[in-house]
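Source: prediction; values computed, not measured.
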Amino acid sequence: VLLKWVNAGRQSSLIGTGGAVEPGSAVLPASLPGFDLEKALQRLDGNRDLLARLLLGFAGEQSDALAQLDALVQAGDSAQAVILLHTLKGVAANLGAEVLAEAIRQLEEELKSGHVPVSLQGFADALNAALDAIRTHIAPALSLARESVIDREALAQVLNRLLPYLQEQELVPAELMESLYGLVRSNGSDKTLARLMHQIDCFDHDGAQASVVQLAAIHGVTLTNGGG
């Protein structure tokens with residue numbers, strides 16, 4: 001699931017930009033401790049808003065990564081620990097988390113060679129630092145997004161057009177993603193709407209379908225295509 005973010009980013013990053021680099025965004029800082037944002041932006045065709053979303057999603061998804069790894073190490077399951085680390089390393093590298101990716105590389109090599117994982121604390125420190133940086137520098141910016149009353153008619157149109165693609169697990173058209181993203185940007189305080197965008201970015205069709213139903217219930221929108 002993690003690696004799908006990068007693939008999703010490649011498809012979504014061209015929405016509404018014509019492939020051009022977007023101007024500076026209010027939600028992505030110019031720099032982030034432990035990250036090379038410029039490299040990450042190059043992989044996403046300069047889409048700063050998408051990178052901010054992916055970083056926040058990363059912080060949310062990896063909050064229990066350390067506990068998962070520790071459980072595997074304590075159980076002596078080095079093979080699964082290496083798989084977890086290798087996946088995490090690839091995602092971290094693609095998102096520009098170079099300090100974290102290097103810490104993961106060192107720990108992965110130790111586990112592969114059967115050595116005592118002396119780099120475990122270094123990995124823990126790097127992971128916590130990366131997650132803290134994201135939450136400190138990106139999440140507050142998003143929370144300051146302008147609040148507004150959602151356009152129920154526009155929401156109804158977007159949700160009803162989305163459902164068939166989610167039910168059939170098909171790729172959502174770029175222009176429909178742009179319409180959804182417009183709602184997200186103008187309603188930054190709506191966590192369910194932001195989660196829906198993230199789920200689509202991650203190809204989580206079932207989760208996205210559930211969010212569509214939830215949004216319809218919250219805002220009193222009728223789903224003409226059904227939500228089951």
Side-chain angles (χ1 to χ4, degrees), residues 1-13 28-45 47-48 50-140 142 169 194-195 197-208:
V1 173
L2 294 172
L3 294 178
K4 290 180 179 178
W5 292 355
V6 178
N7 295 329
R10 279 290 174 183
Q11 295 166 351
S12 301
S13 61
L28 186 71
S31 62
L32 199 60
F35 288 76
D36 188 333
L37 296 182
E38 290 305 314
K39 283 188 178 180
L41 285 169
Q42 289 175 9
R43 298 185 182 97
L44 297 175
D45 298 319
N47 194 323
R48 300 179 65 83
L50 177 60
L51 179 56
R53 293 204 313 274
L54 293 177
L55 286 169
L56 283 175
F58 176 78
E61 293 287 340
Q62 300 308 317
S63 59
D64 63 344
L66 185 57
Q68 292 180 32
L69 179 65
D70 186 61
L72 291 171
V73 171
Q74 293 299 324
D77 194 346
S78 296
Q80 286 300 316
V82 167
I83 292 174
L84 186 154
L85 286 170
H86 186 75
T87 302
L88 181 59
K89 180 179 66 176
V91 177
N94 279 309
L95 293 179
E98 295 199 331
V99 173
L100 174 58
E102 175 58 23
I104 296 172
R105 185 194 65 77
Q106 294 179 16
L107 181 56
E108 183 183 5
E109 288 301 317
E110 290 174 359
L111 290 173
K112 282 182 177 179
S113 61
H115 295 158
V116 176
V118 296
S119 298
L120 185 57
Q121 185 59 51
F123 162 71
D125 291 343
L127 177 62
N128 288 330
L131 300 185
D132 287 345
I134 294 170
R135 291 165 181 155
T136 299
H137 296 280
I138 298 180
L142 285 180
Q169 298 194 356
R195 182 174 70 243
M197 189 78 183
H198 175 64
Q199 289 166 328
I200 294 175
D201 282 338
C202 295
F203 296 106
D204 180 6
H205 296 93
D206 291 337

(request) Taking the side chain as every heavy atom from C-beta outward, state whether Leu55 and Leu28 have any atom pair closer than 4.5 Å. (result) yes
(request) Could you pull out the closest heavy-atom pair between Gly96 and Arg43, with the gap in Å? (result) N-NH1, 4.4 Å
(request) From the options Val118, Val116, Val82, select the one residue that forms a side-chain contact (heavy atoms from CB on, under 4.5 Å) with Glu110. (result) Val118
(message) If you define the side chain from C-beta out and look only at heavy atoms, does anything of Gln80 sit under 4.5 Å from Ile83?
(response) yes
(request) Provide the closest heavy-atom pair for Gly60 versus Ser63 in the form atom of the first, atom of the second, distance. (result) O-OG, 3.2 Å
(message) On a heavy-atom basis, which atom in Ala92 and which in Ile104 lie closest, and how many Å separate them?
(response) CB-CD1, 4.5 Å
(request) Return the minimal non-hydrogen interatomic distance between Ala81 and Leu111, and the atom names on each side. (result) CB-CD1, 3.9 Å
(message) Looking at Gly90, is its backbone amide N or carbonyl O close enough to the side chain of Asn94 to form a donor-acceptor pair, meaning the two atoms are under 3.5 Å apart?
(response) yes
(request) Specify the closest pair of heavy atoms between Ala103 and Phe123, including all atoms of both residues, with the distance to one decimal. (result) CB-CA, 4.0 Å
(message) Under the side chain to side chain donor-acceptor pair (under 3.5 Å) test against Arg105, which residue among Glu109, Glu108, Glu102 passes?
(response) Glu102
(message) If you compare all heavy atoms of Pro29 against all heavy atoms of Ile138, which two are closest, and at what distance to 0.1 Å?
(response) CD-CG1, 3.8 Å
(request) Report yes if the side chains of Leu69 and Leu88 come closer than 4.5 Å at any heavy-atom pair, otherwise no. (result) no
